[in-house]
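Nothing here was measured: the structure is a model prediction, and the numbers come from that model.
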Amino acid sequence: MERYITKKTLVEKVPVQPEDNPVPHWPHLTDFFTVTNIENAKISIAIACTKCKRQSVIYKHTLGNIKRHYKSIHPILYLSFLEAITHGSKRGARHNSGTINDSPAKQKQPSIGQWAASGRGSSQDECNKLFAQVIIHDMLPINFANSPYLKAWVLGLNPDRKVQPRQTLMRSIHRQYDDVYTQLKKLLETLKYISTTSDCWTSKSHRTDYLGMTAHYLVVEEDSIVRKSAILVCRE
């Protein structure tokens, strides 16, 4: 404890211990912000965000500033922050404990992240295959896998899942190509009739001519005949 003597009064100053870093009234929010100064706790408390270390101030023990900070700077964590506030409040604690009218608390529908973390979602390998399908069928650039916003979105859905790196994505696409090529080759060998069409076009930006060929065939699915097509080749 440090003491400062003035002409009128004796002022005592209690510095915050960095290793303790107490959070008055909000022990359930230590994952979101920490207290850095409580000298004028009756008026304001200096805090720091645990995610980006940005300094802020809480006035009269309200959380308006830190709420706005998470909503604008960490939007993915904003709902989790609000949920932590609700569960940590006295009203939320009474509601969750089921003491109101001695009635059991209603089961809350799990979030997407909670549902995925429960084991009922797709595995990491299945997610990698699905992500490769998105890149292939939507014709997205490979470097889309390096997008920090995509990684943050996937992390927000399920912290146990991640976006595969660009090099891994390319290998996954090549493996899927080999599988589809083998399956299509076996299918075409069983067909009696196949119709082919070709198309030619020129890319003005690259000044390159292309030739594409597509196979068309009929298959029986659930007592009905379905026409299908498959691209055989696309060459310069």
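- In this structure, L218 and Y193 have side chains that are not in contact, with every pair of non-hydrogen atoms separated by 4.5 Å or more.
- Pairs of residues two or more places apart, or lying in two chains, never qualify as side-chain hydrogen bond (donor to acceptor under 3.5 Å, both in side chains) while including a residue from residues 143-154.
- Residues forming a ring-ring contact (aromatic ring centres under 6.0 Å, His included) with Y70 (at least two apart in sequence, or on another chain): F32, H74, F81.
- Rounded to the nearest 0.5 Å, atoms NE2 (H69) and SG (C49) are 3.5 Å apart.
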Passes side chain to side chain contact (heavy atoms under 4.5 Å, CB included), I173 versus I142? Steps please. CA-CA 10 Å; I173 291 176; I142 299 296; 3.7 Å; yes
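- Scanning for side-chain hydrogen bond (donor to acceptor under 3.5 Å, both in side chains) contacts around D31 gives an empty result, with sequence neighbours left out.
- The environment of I225 atom CD1 is sparse: at most 12 non-hydrogen atoms of other residues, nucleotides or ligands sit within 6.0 angstrom.
- Side-chain atoms of I73 and K51, non-hydrogen and from C-beta on, never get closer than 4.5 Å to each other.
- Grouped with Y217 in one hydrophobic cluster are L184, L187, L188, L191, I194, M213, V219, V226, L232, V233, the linkage being side-chain heavy-atom contacts under 4.5 Å among Ile, Leu, Val, Met, Phe, Trp and Tyr residues.
- Applying the side-chain hydrogen bond (donor to acceptor under 3.5 Å, both in side chains) rule to R68 yields the partners N65; only residues at least two apart in sequence or on another chain are considered.
- Hydrophobic clustering, with ILVMFWY side chains joined whenever heavy atoms are under 4.5 angstrom apart, keeps Y78 apart from L155.
- Residue pairs meeting the side-chain hydrogen bond (donor to acceptor under 3.5 Å, both in side chains) criterion with at least one member in residues 170-190, sequence neighbours excluded, are Q133-Q176, T168-R171.
- For the atom pair CD of E83 and CG of L77, the computed distance is 12.0 Å after rounding to the nearest 0.5 Å.
- Put simply, the side chain of L29 reaches to within 4.5 Å of the side chain of L63, judged on heavy atoms.
- Judged purely by atom type and a 3.5 angstrom limit, T86 uses its side chain to pair as donor or acceptor with the backbone of L82.
- Listed here is the closest heavy atom pair of Q164 and A132: NE2-N, 4.3 Å.
- V180 and I135 fall into different hydrophobic clusters, where Ile, Leu, Val, Met, Phe, Trp and Tyr residues are linked whenever their side-chain heavy atoms come under 4.5 Å apart, directly or through other members.
- Put simply, NZ on K67 and OG on S56 are 13.5 Å apart, with the number rounded to the nearest 0.5 Å.
- Counting Ile, Leu, Val, Met, Phe, Trp and Tyr side chains that sit under 4.5 Å apart, directly or through other members, W201 shares a hydrophobic cluster with Y210.
- With sequence neighbours left out, A46 forms a side-chain contact (heavy atoms from CB on, under 4.5 Å) with T36, N37.
- Residues satisfying the side-chain hydrogen bond (donor to acceptor under 3.5 Å, both in side chains) criterion with S198, sequence neighbours excluded, are absent altogether.
- When the side-chain contact (heavy atoms from CB on, under 4.5 Å) test is applied to T197, the partners found at least two apart in sequence or on another chain are T214, H216.
- Residues forming a ring-ring contact (aromatic ring centres under 6.0 Å, His included) with F144 (at least two apart in sequence, or on another chain): none.
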Walk me through it: do I45 and F33 pass the test side chain to side chain contact (heavy atoms under 4.5 Å, CB included)? CA-CA 12 Å; I45 298 176; F33 67 88; over 6 Å; no
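- In this structure, the salt bridge (Lys or Arg N to Asp or Glu O under 4.0 Å) partners of K228, at least two apart in sequence or on a different chain, are E221.
- A pairwise comparison of heavy atoms in L169 and A145 identifies CD2-CB, 3.9 Å as the closest pair.
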